[in-house]
*Asks:* 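I'd like to ask you about the structure that follows.
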2 protein chains.
Amino acid sequence: MEDIYSLMTEFLKAFSHPLRLKIVEYLSETEKSVGEIVKYVDGEISNVSRHLALLKKAGILLDRKEGLNIYYHMKNPCIMDFYNCINKAVKSNLEMNRDLLDKIM
Amino acid sequence: MEDIYSLMTEFLKAFSHPLRLKIVEYLSETEKSVGEIVKYVDGEISNVSRHLALLKKAGILLDRKEGLNIYYHMKNPCIMDFYNCINKAVKSNLEMNRDLLDKIM
DNA sequence: TTACTACTTGGTAAAGTAATCAAATAAATT
DNA sequence: AATTTATTTGATTACTTTACCAAGTAGTAA
């Protein structure tokens, strides 16, 4: 049985890539086809495809086939709360460092 | 200049290790010496030391020397909000999967 | 049935991450 | 000055992650 720290780590790792974060943000509102995602993130198709597979495996995205296209979407829209939380934490951390810098200089 | 996705990724990666998460939680209230941390997480000292160095470099921890001991503490207590957010997101995701499972079976 | 489009997968090489043991530092004590 | 204690760092090894190109699959249309 896995401990909570390992579960948290697995979850975090799924988000820990610039391309994957960009994909998640892009999918926050509506589903998009692989082709649309590739265009948006400006990546290589095979690479993007692998990142999508990873996000799906991690339980963050789901896909749906329609004709030739495969559409990906958020499995749980609440995940965007988490995404926003990362964003906020990073910004707060950056600002904090700037505050420290201002104090010193 | 780095983009926001890379900054977010760096930040996430700092948390993406079971030992590091456990350390961060342990330090949520008060500072602790390396020895105390090693005992608590039950790891090898040189390994724990490296994880601490990483967390410090990532801007999450600060250290303070007193005699033979080095005490680590959270640089920005608000980071615990983020920690709790990870926890919550993981649990919500697990529950969601269980809900789906319940629906199917 | 051939060819085309959208996407995934295999193979591989490069880069990054982590654990371990031994050696090094640095402060405190004898 | 030598020893002990607390911690970091170097070197090595194993493992994981990522990118890339080429080949494969699976629908669609001619």
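All values below come from the heavy atoms of this structure, side chains included, with hydrogens, waters and symmetry mates left out.
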*Asks:* Quick one: does any side-chain atom of S49(B) pair with a main-chain N or O of I45(B) as donor and acceptor, under 3.5 Å?
*Replies:* no
*Asks:* Check whether the side chains of N87(A) and K91(A) place a donor and an acceptor atom closer than 3.5 Å, and report yes or no.
*Replies:* yes
*Asks:* Give the rounded distance in Å between these two atoms: CD1 of I37(A) and P of dA6(C).
*Replies:* 14 Å
*Asks:* Decide whether Y71(A) and I37(A) are clustered together by the hydrophobic rule: side chain heavy atoms of Ile, Leu, Val, Met, Phe, Trp, Tyr closer than 4.5 Å, transitively.
*Replies:* no
*Asks:* The side chain of N69(B) lies closest to which of these nucleotides: dA26(D), dT7(D), dA18(C)?
*Replies:* dT7(D)
*Asks:* Check the distance between dA22(C)'s C1' and N47(B)'s CG and give it to me in whole angstrom.
*Replies:* 15 Å
*Asks:* Does Y71(A) have a side-chain nitrogen or oxygen under 4.0 Å from the phosphate oxygens OP1 or OP2 of dC7(C)?
*Replies:* no
*Asks:* Quick one: label L52(A) by what it contacts on the DNA or RNA (base, sugar-phosphate, nothing), any heavy atom closer than 4.0 Å.
*Replies:* nothing
*Asks:* Checking side-chain contact (heavy atoms from CB on, under 4.5 Å) against Y5(B), which of L21(A), V24(A), V41(A) comes through?
*Replies:* L21(A)
*Asks:* Looking only at the side chain of I70(A) (C-beta and beyond, no hydrogens), which of the listed nucleotides dT17(C), dT8(C), dT9(D) gets closest?
*Replies:* dT8(C)
*Asks:* Give the angle between the helix axes at the two ends of the helix from dT1(C)-dA30(D) to dT30(C)-dA1(D), taking five base pairs at each end and rounding to 10°.
*Replies:* 0°
*Asks:* Can you find an N or O donor on one side and an acceptor on the other, under 3.5 Å apart, linking the side chain of S46(B) with the base of dC21(C)?
*Replies:* yes
*Asks:* Taking atom C1' of dT5(D) as reference, at what distance in whole Å does atom CD of E66(B) sit?
*Replies:* 15 Å
*Asks:* Whole angstroms only, please: what is the CG-P distance between L19(B) and dA19(C)?
*Replies:* 7 Å
*Asks:* State whether the number of non-hydrogen atoms from other residues, nucleotides or ligands found under 6.0 Å of K56(B) atom NZ is greater than 12.
*Replies:* no
*Asks:* Give the cluster check for M96(A) versus L7(B): same hydrophobic cluster or not, with ILVMFWY residues linked at side-chain heavy-atom distances below 4.5 Å.
*Replies:* no
*Asks:* How many Å lie between NZ on K32(B) and C1' on dT7(D), as a whole number?
*Replies:* 18 Å
*Asks:* How far does CD1 of I60(B) sit from CG of L54(B), to the nearest 0.5 angstrom?
*Replies:* 8.0 Å
*Asks:* Which is more 5' along DNA chain C, the nucleotide nearest V48(A) or the one nearest L68(A)? Just name the residue.
*Replies:* L68(A)
*Asks:* Respond yes when some side-chain nitrogen or oxygen of Y72(A) is under 4.0 Å from OP1 or OP2 of dT8(C), and no when none is.
*Replies:* yes
*Asks:* Whether the side chain of N84(A) engages the backbone of M80(A) through a donor-acceptor N/O pair (distance < 3.5 Å, no angle test) should be reported.
*Replies:* yes
*Asks:* Check this for me: does the side-chain of R50(B) come within 3.5 Å of the base of dT20(C) through a donor and an acceptor?
*Replies:* yes
*Asks:* Once you round it to whole Å, what is the distance between P of dA28(C) and NZ of K65(B)?
*Replies:* 9 Å
*Asks:* Please determine whether a side-chain nitrogen or oxygen atom of H17(B) lies at a distance below 4.0 Å from atom OP1 or OP2 of dA19(C).
*Replies:* yes
*Asks:* Between H51(B) and dA19(C), does any side-chain N or O lie under 4.0 Å from OP1 or OP2?
*Replies:* yes
*Asks:* Quickly work out the K57(B) NZ to dG16(C) P distance and round it to whole Å.
*Replies:* 11 Å
*Asks:* Report the distance from atom CG of D63(A) to atom P of dT9(C), rounded to the nearest whole Å.
*Replies:* 10 Å
